[in-house]
**Q** 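Would you mind keeping the following structure in view while I ask a few things?
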Amino acid sequence: MPQTHLSAEVAPGIYAIPVPIPYPFRYVNCYLLLPRPLSSGGAVLVDAALDTPEARGSLEAALREHGLAWGDLEALLITHHHPDHYGLAGLIEAQGVPVYMLDVEEERGHIFWSEPERMHQAGMAHFRLHGVVGDYLSGLEQEMAQTHSRVHPAQSLRTFGDGEVLELAGMRLRAVWTPGHADGHSMFLRETDGVLLAGDQILEKISPNIGRWAYAYPNPLAHYLRSLEKTAALQARLALPGHYRPIEDIGGRVAELKAHHMERLGFLEGLLDDRPQTCWQLSLALFPGELSLAQRRFAWAETLAHLEYLVEAGRARWVDQGGVLGYLR
């Protein structure tokens, strides 16, 4: 029988490792960067899935295909702090591997895992402020507790800045800060051939979730739309995303994502009238149908991001209804 490979070369020296995750995406793409023979540097992993037996086993097996174990890595690069990209970071770091993250993400994303009690209190207050109540509120609390058990944050992050060039795996990788999906989301551009390790900035099949969380920048959608312009301006020839397949027509995909958000903004604006509605109520109309608890949380956060964009643009306003915000024209 032919051997089934757990990694595939998608650009010279870059191997995609699809790692199973218990989310609708089904897989997160981690990338193994291997230096050319006789070049300096060692193997580098980009992103680290999350700690489930399936994910950990799949990633370890993919490394073994290349004769590697965790401790053989020169570095772990993190695109952003979300659990499916950051979960195993602390365990890999414990094997002597330095973990790199954008300085902004250390300040604004990493704290979600390193200061869990403060983030929990802020998050629950944020949910209540925007109309999440009852069983949904308690369900979200339980879901986040499970997620925290699957994430091991790094203890001694090494940080880099926007535009900084990292020389790792015998490659020169320029960091590109693209806030929106996460405040400190970063991509890595290999300028020698225009290959872009894109994280969740652009995805092939869906729009990345742009959500307003308790610890996030106000108006994340405005940040994301500017980041899309920055992404297109790189003129990279190939984007290697955090989910789904590589993207060749980066400019075309950027245009599609911008058009999608403009359409959603118009639809949401049409739901507003002179009656105050909470973000939770509006999210049920903007994202109708049966959704899992996690999907409903993302739908709520994305609705809030779009509402804040409309408020900033003067196309909506909010009123305080006894500690719960309502949105109207």
**Q** State plainly whether the residues Arg264 and Glu302 are in salt-bridge range, i.e. N to O under 4.0 Å.
**A** no
**Q** Can you confirm whether the side chains of His152 and Asp51 place a donor and an acceptor under 3.5 Å from each other?
**A** yes
**Q** Who passes side-chain hydrogen bond (donor to acceptor under 3.5 Å, both in side chains) against Glu263, sequence neighbours left out?
**A** none
**Q** For Tyr215, which of His126, His120, His81 qualifies under ring pair (Phe, Tyr, Trp, His ring centres under 6.0 Å)?
**A** His81
**Q** If you measure from CZ on Arg150 to CG on Leu88, what distance do you get to the nearest 0.5 Å?
**A** 11.5 Å
**Q** To the nearest 0.5 Å, what is the distance between CG (Leu307) and CG (Asn219)?
**A** 11.0 Å
**Q** Membership question, hydrophobic clusters at under 4.5 Å side-chain separation (ILVMFWY): are Val28 and Met101 in the same one?
**A** yes
**Q** Could you identify which residues cluster with Val324, counting Ile, Leu, Val, Met, Phe, Trp and Tyr as linked when any side-chain heavy atoms lie under 4.5 Å apart, either directly or through a chain of such contacts?
**A** none
**Q** Verify the ring-centre separation between His148 and Phe112: is it less than 6.0 angstrom?
**A** yes
**Q** List the atom of Ala11, the atom of Arg190, and the distance in Å for their closest heavy-atom pair.
**A** CB-NH2, 4.1 Å
**Q** Evaluate the side-chain proximity of Arg174 to Phe188: yes if any heavy-atom separation is below 4.5 Å, no if none is.
**A** no
**Q** Quick one: do Glu143 and Arg297 make a salt bridge, cutoff under 4.0 Å?
**A** yes
**Q** Can you hop from Leu225 to Ile206 via hydrophobic side chains spaced under 4.5 Å?
**A** yes
**Q** Of all heavy-atom pairs between Ala122 and Ala214, which one has the smallest distance, and what is that distance?
**A** O-CB, 3.6 Å
**Q** With no hydrogens and no angle check, just 3.5 Å: does a side-chain donor-acceptor pair link His130 and Thr278?
**A** no
**Q** Leu77, Leu240: one ILVMFWY side-chain cluster at the under-4.5 Å cut-off?
**A** yes
**Q** Could you state the interatomic distance from CG (Leu268) to NE2 (His306), rounded to the nearest 0.5 Å?
**A** 7.5 Å
**Q** Not counting sequence neighbours, list each pair that qualifies as a salt bridge (charged side-chain N to carboxylate O under 4.0 Å, His left out) and has a residue in residues 106-116.
**A** Arg108-Asp183, Glu115-Arg118
**Q** Determine whether Leu221 and Glu308 satisfy the following criterion, side chain to side chain contact (heavy atoms under 4.5 Å, CB included), listing intermediate values before the conclusion.
**A** CA-CA 8 Å; Leu221 181 56; Glu308 292 199 352; over 6 Å; no
**Q** Using the ring pair (Phe, Tyr, Trp, His ring centres under 6.0 Å) rule, pick out the option among Phe127, Phe287, Tyr136 that qualifies with Trp300.
**A** Phe127
**Q** With no hydrogens and no angle check, do the side chains of His80 and Ser186 hold a donor and an acceptor under 3.5 Å apart?
**A** no
**Q** So, does Arg237 use its side chain to make a donor-acceptor pair with the main chain of Asp193 at under 3.5 Å?
**A** yes
**Q** Thr79 vs Met187, test: side chain to side chain contact (heavy atoms under 4.5 Å, CB included). Steps then yes/no.
**A** CA-CA 6 Å; Thr79 60; Met187 307 188 298; over 6 Å; no
**Q** When rounded to the nearest 0.5 angstrom, what distance separates CD in Gln235 from CG in Leu196?
**A** 12.5 Å
**Q** Using a strict 4.0 Å threshold on nitrogen-to-oxygen distance, state whether Asp162 and Lys230 make a salt bridge.
**A** yes
**Q** Between Glu256 and Arg253, is there a salt bridge with N-O shorter than 4.0 Å?
**A** yes
**Q** Please lay out, stage by stage, how Glu65 and Tyr15 fare under the test side chain to side chain contact (heavy atoms under 4.5 Å, CB included).
**A** CA-CA 11 Å; Glu65 285 187 340; Tyr15 290 79; over 6 Å; no
**Q** Is there a donor-acceptor pair closer than 3.5 Å between any side-chain N or O of Glu74 and the backbone N or O of Ala169?
**A** yes
**Q** Side chains of His181 and His82: do they bring a donor and an acceptor to under 3.5 Å?
**A** yes
**Q** Is it the case that the side chains of Glu117 and Gln121 hold a donor-acceptor pair, with the cut-off being a distance below 3.5 Å and no angle test?
**A** yes
**Q** Decide yes or no for Phe160 and Asp103: does some side-chain heavy atom of the first lie under 4.5 Å from some side-chain heavy atom of the second?
**A** no
**Q** Within a reach of under 6.0 Å around CD of Gln95, are more than 12 heavy atoms found that belong to other residues, nucleotides or ligands?
**A** yes
**Q** Would a 4.5 Å heavy-atom cut-off, applied to side chains only, mark Thr178 and Tyr224 as touching?
**A** no
**Q** If you measure only the distance, is there a donor-acceptor pair under 3.5 Å linking the side chains of Glu105 and Trp177?
**A** no
**Q** Quick one: CG on Leu137 to CH2 on Trp280, what's the gap to the nearest 0.5 Å?
**A** 9.5 Å
**Q** Quick check on the hydrophobic clustering: are Leu272 and Tyr309 connected, directly or via other members, by side-chain heavy-atom contacts under 4.5 Å?
**A** yes
**Q** Where do Ala89 and Val99 come nearest, in terms of heavy atoms and distance?
**A** O-CG2, 3.9 Å
**Q** Would you check if Asn29 and Asp47 make a side-chain contact, meaning some heavy-atom pair closer than 4.5 Å?
**A** no
**Q** At their closest point, which heavy atom of Pro18 faces which heavy atom of Ala16, and how far apart are they?
**A** CD-O, 3.7 Å
**Q** Is the shortest distance from a Lys or Arg side-chain nitrogen in Asp274 or Arg329 to a carboxylate oxygen in the other one below 4.0 Å?
**A** no
**Q** For a 4.5 angstrom cut-off between non-hydrogen side-chain atoms, does Tyr31 reach Leu33?
**A** yes
**Q** Heavy atoms, side chains only, cut-off 4.5 Å: are Leu32 and Ile14 in contact?
**A** no
**Q** Partners of Arg26 by salt bridge (charged side-chain N to carboxylate O under 4.0 Å, His left out), sequence neighbours excluded?
**A** none
**Q** Strictly distance-based, threshold 3.5 Å: is any side-chain N or O of Gln155 a donor or acceptor partner for the main-chain N or O of Pro153?
**A** yes
**Q** What pair of heavy atoms forms the shortest contact from Ala175 to Gly161, and how long is it?
**A** CB-O, 3.7 Å
**Q** Using modelled atom types only, decide if a donor and an acceptor are shared between the side chain of Ser58 and the backbone of Glu54 within a distance under 3.5 Å.
**A** no
**Q** How long is the span from the CD1 atom in Ile202 to the CD1 atom in Ile247, to the nearest 0.5 Å?
**A** 4.0 Å
**Q** With a 4.5 Å heavy-atom cut-off, do Leu59 and Leu45 have their side chains touching?
**A** yes
**Q** Hey, what else clusters with Leu328 if you join Ile, Leu, Val, Met, Phe, Trp, Tyr whenever side-chain heavy atoms sit under 4.5 Å?
**A** Val319
**Q** List the residues meeting side-chain contact (heavy atoms from CB on, under 4.5 Å) with Pro24, not counting sequence neighbours, and say none if there are none.
**A** Gln295
**Q** Apply ring-ring contact (aromatic ring centres under 6.0 Å, His included) to His85 and His243, showing your working.
**A** CA-CA 10 Å; His85 296 260; His243 306 273; 5.4 Å; yes
**Q** Please assess Leu265 against Leu310 for the test side chain to side chain contact (heavy atoms under 4.5 Å, CB included), listing each intermediate value before the final yes or no.
**A** CA-CA 7 Å; Leu265 285 166; Leu310 291 175; 4.0 Å; yes
**Q** For His223 and Pro218, which heavy atoms make the closest approach, and how far apart are they?
**A** CD2-O, 3.8 Å
**Q** Is Leu91 close to Arg56 at the side-chain level, that is, under 4.5 Å between some pair of heavy atoms?
**A** yes
**Q** Find out if a path of hydrophobic residues (ILVMFWY) with successive side-chain heavy-atom gaps under 4.5 Å connects Leu203 to Leu238.
**A** no
